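Quick note: numbers below take in every heavy atom, side chains included, and nothing from hydrogens, waters or symmetry partners. Just so it is clear, the structure is predicted and the values come from calculations on it, not from any experiment. Here is how names work: the chains are called A, B, and so on, in the same order as the sequence lines, proteins then strands, and each is numbered from 1.
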There are 2 protein chains.
Amino acid sequence: MASIEKVSSNRVSSGYLTKYKFPSKSLGGLSTQFNVFLPSAASSSSPVPVLFYLAGLTCNEDTGAQKGGMLNKAGEEGIAIVFPDTSPRGAGVEGEEDDWQLGTGAGFYLNATADKWKKHYNMYDLVVEELPSALKKADLGLDFSRWSITGHSMGGHGALSIYLKNPGLFKSASAFSPAANPSRTPWGINAFTNYLDAKTRSSPPSEWLQYDSSHLLQSFSEEAHILVDVGTEDDFLKKGQLEPKSLEAVGKEGVEVRMQDGFDHSYYFISTFAPEHIAFHAKHLKA
Amino acid sequence: MASIEKVSSNRVSSGYLTKYKFPSKSLGGLSTQFNVFLPSAASSSSPVPVLFYLAGLTCNEDTGAQKGGMLNKAGEEGIAIVFPDTSPRGAGVEGEEDDWQLGTGAGFYLNATADKWKKHYNMYDLVVEELPSALKKADLGLDFSRWSITGHSMGGHGALSIYLKNPGLFKSASAFSPAANPSRTPWGINAFTNYLDAKTRSSPPSEWLQYDSSHLLQSFSEEAHILVDVGTEDDFLKKGQLEPKSLEAVGKEGVEVRMQDGFDHSYYFISTFAPEHIAFHAKHLKA
């Protein structure tokens with residue numbers, strides 16, 4: 001496995017935010033970048049819990065680190081945060097740069113099966129397997145036996161679906177404004193239609209449902225630890241892109257969906273509630 | 001006087017961040033934008049204290065609002081924050097876009113006297129007089145009898161020099177990584193040489209010294225309430241652009257300069273200490 005290589009580092013909160021890169025097998029060999037916030041107290045002999053933050057459409061590994069307002073609280077709680085990118089960069093797939101909802105900046109945290117995309121667009125494998133393996137190998141002081149996941153919008157979809165597809169792997173999941181029922185909403189339908197080679201004739205196809213949090217939650221047999229915040233003035237909520245009610249409709253215990261009065265889809269919303277999400281994860285990571 | 005016009009608004013923290021624009025007389029009639037964070041409790045019958053945040057080179061009215069990490073603490077303390085732009089936009093002065101240290105994004109919070117710049121480059125008047133007047137007229141619930149000022153880098157220079165030039169106008173000033181002795185350091189020398197028509201033969205000219213915080217502090221006769229943070233790994237500190245020691249050398253009480261180990265010049269540094277700066281200003285604004 002390729003080793004991670006340091007790109008830059010900034011002192012922040014009670015630690016450092018370090019940007020790394022490595023050639024990713026999941027992304028067809030393309031170099032991918034990510035940021036790691038590591039509290040100074042972390043070491044290989046005293047590793048700290050890990051939170052992954054998955055960003056939304058058009059964003060990259062810097063967006064959550066710069067605008068998310070998460071780092072001071074994470075430093076206080078002694079939790080590391082890993083910020084992956086949102087897609088491969090420079091795959092050279094035709095049309096990749098033409099639509100902000102598909103291709104670059106829009107990996108949707110799935111493994112593509114359609115011929116056109118499947119060589120590079122495997123953000124699911126990157127986030128769930130390859131990146132954790134590379135980080136374990138680097139021995140930075142991250143304890144992946146205490147691992148949680150959060151994200152925003154497309155990244156909220158990523159966080160919830162990855163949590164639900166891997167029972168026991170994560171202590172908790174949370175999301176800001178997630179696309180919570182993507183097999184039935186426009187962003188998801190567009191992404192799944194393009195990325196996934198659906199052979200089943202059901203509607204939606206089962207190949208789509210394996211990445212749909214509202215569907216996955218129905219058969220999630222573990223105790224759930226899920227927190228979701230959505231702003232009532234979120235334009236994408238109004239346009240039917242998010243559908244957080246479909247999560248609630250499952251009626252599963254341990255799933256809290258909070259509608260936050262007057263908030264929109266922006267990082268101003270995220271930064272307002274980020275400390276509460278960090279505290280939620282800290283409770284489960286340090287239980 | 002022209003009225004301010006709302007451009008956009010985002011719910012954040014315990015209030016709203018609203019972007020406004022208005023045609024500025026100080027900027028030769030050009031439209032200028034600024035953001036106002038207003039806690040929800042603020043009203044014309046119950047106005048709240050005001051903090052101005054002046055951003056640095058290449059930044060604009062959004063940078064501090066998005067990356068500064070100030071809004072949650074300001075909301076908790078019930079303090080408004082006003083984020084002006086860093087220069088006129090589109091003045092059309094020759095060379096204005098050629099150098100990131102001069103012209104657009106680099107107004108240096110002064111009133112230009114050189115022929116080439118003096119029509120538009122009067123950020124000092126905008127910040128000290130015109131913007132407060134426009135905000136008072138708009139009756140948003142800001143109490144300018146309780147007013148403090150902070151900033152970063154070029155904006156740290158702006159905050160300190162504006163505080164020191166106007167005894168009694170502000171309750172407190174703070175700065176992150178300020179250009180604290182600009183009449184003797186490269187950014188300042190470049191800006192003052194271009195913007196100011198210096199007729200005196202002293203070195204530095206008196207026209208420059210009126211914008212130099214380390215000089216102004218020497219004759220500041222009021223009780224000072226100044227907090228300055230600078231990172232020890234700040235490249236611009238190492239390059240001699242900041243010179244915070246020149247502030248300390250004045251030996252004035254009430255001026256605290258803290259060197260923060262390992263931090264650099266970025267917003268990661270600002271966001272780490274922003275809550276402490278808000279608390280510092282809150283103490284003086286609500287005394």
Side-chain angles (χ1 to χ4, degrees), chain A residues 7-19 35-40 59 61-76 81 83 176-177 229-235 237 258-279, chain B residues 7-19 35-40 59 61-76 81 83 176-177 229-235 237 258-279:
Chain A
V7 176
S8 62
S9 192
N10 298 87
R11 180 99 172 78
V12 63
S13 175
S14 74
Y16 280 86
L17 185 82
T18 305
K19 181 174 289 201
N35 283 300
V36 179
F37 168 69
L38 194 68
S40 295
C59 295
E61 73 279 9
D62 291 333
T63 320
Q66 293 179 347
K67 300 182 180 177
M70 285 173 267
L71 304 182
N72 283 357
K73 185 68 175 176
E76 192 184 300
I81 309 185
F83 300 88
F176 303 89
S177 349
D229 275 321
V230 182
T232 60
E233 295 304 311
D234 186 323
D235 281 341
L237 174 71
R258 308 189 301 191
M259 299 306 298
Q260 300 290 2
D261 190 44
F263 285 88
D264 59 28
H265 202 73
S266 71
Y267 271 80
Y268 293 119
F269 167 55
I270 298 175
S271 67
T272 299
F273 294 99
E276 290 181 28
H277 282 237
I278 301 293
Chain B
V7 176
S8 62
S9 191
N10 298 89
R11 180 101 173 75
V12 62
S13 175
S14 73
Y16 281 86
L17 185 83
T18 305
K19 182 174 290 201
N35 283 300
V36 179
F37 168 69
L38 193 67
S40 294
C59 295
E61 74 279 8
D62 290 333
T63 320
Q66 292 178 346
K67 300 182 179 178
M70 287 173 266
L71 303 184
N72 283 357
K73 185 69 175 174
E76 192 183 299
I81 309 184
F83 300 88
F176 303 89
S177 347
D229 275 320
V230 182
T232 60
E233 295 303 311
D234 186 322
D235 280 341
L237 174 70
R258 309 189 301 190
M259 299 306 297
Q260 300 290 2
D261 190 43
F263 285 88
D264 59 28
H265 201 73
S266 71
Y267 271 83
Y268 294 118
F269 167 55
I270 299 175
S271 67
T272 300
F273 295 99
E276 290 181 28
H277 282 237
I278 300 293

Inset, instruction - Please name the pair of heavy atoms, one in A/Val12 and one in B/Tyr268, separated by the smallest distance, quoted to 0.1 Å. - result: CG2-O, 3.3 Å
Legend entry - Exercise: identify the closest heavy-atom pair between A/Asp264 and B/Ser9: OD2-O, 4.2 Å
Measure the [atom1]-[atom2] distance between [X] and [Y] for me, rounded to the nearest 0.5 Å.
X        : Y       : atom1 : atom2 : answer
B/Phe269 : A/Arg11 : CZ    : CZ    : 10.5 Å
B/Phe263 : A/Ser13 : CZ    : OG    : 7.5 Å
B/Thr63  : A/Gln66 : OG1   : CD    : 10.5 Å

Sort [X] into side chain, backbone, both or neither according to what part of it lies under 4.5 angstrom from a heavy atom of chain A.
X        : result
B/Ser271 : both
B/Tyr267 : neither
B/Tyr16  : side chain
B/Ala274 : neither

Legend entry - A/Lys73 atom NZ, over 12 foreign heavy atoms within 6.0 Å: yes
Inset, instruction - Tell me, yes or no, whether the heavy-atom count around A/Asp261 atom CG, taken from other residues, nucleotides or ligands under 6.0 Å, exceeds 12. - result: no
Legend entry - Non-hydrogen side-chain atoms of A/Asn72 and B/Pro275 separated by less than 4.5 Å: yes
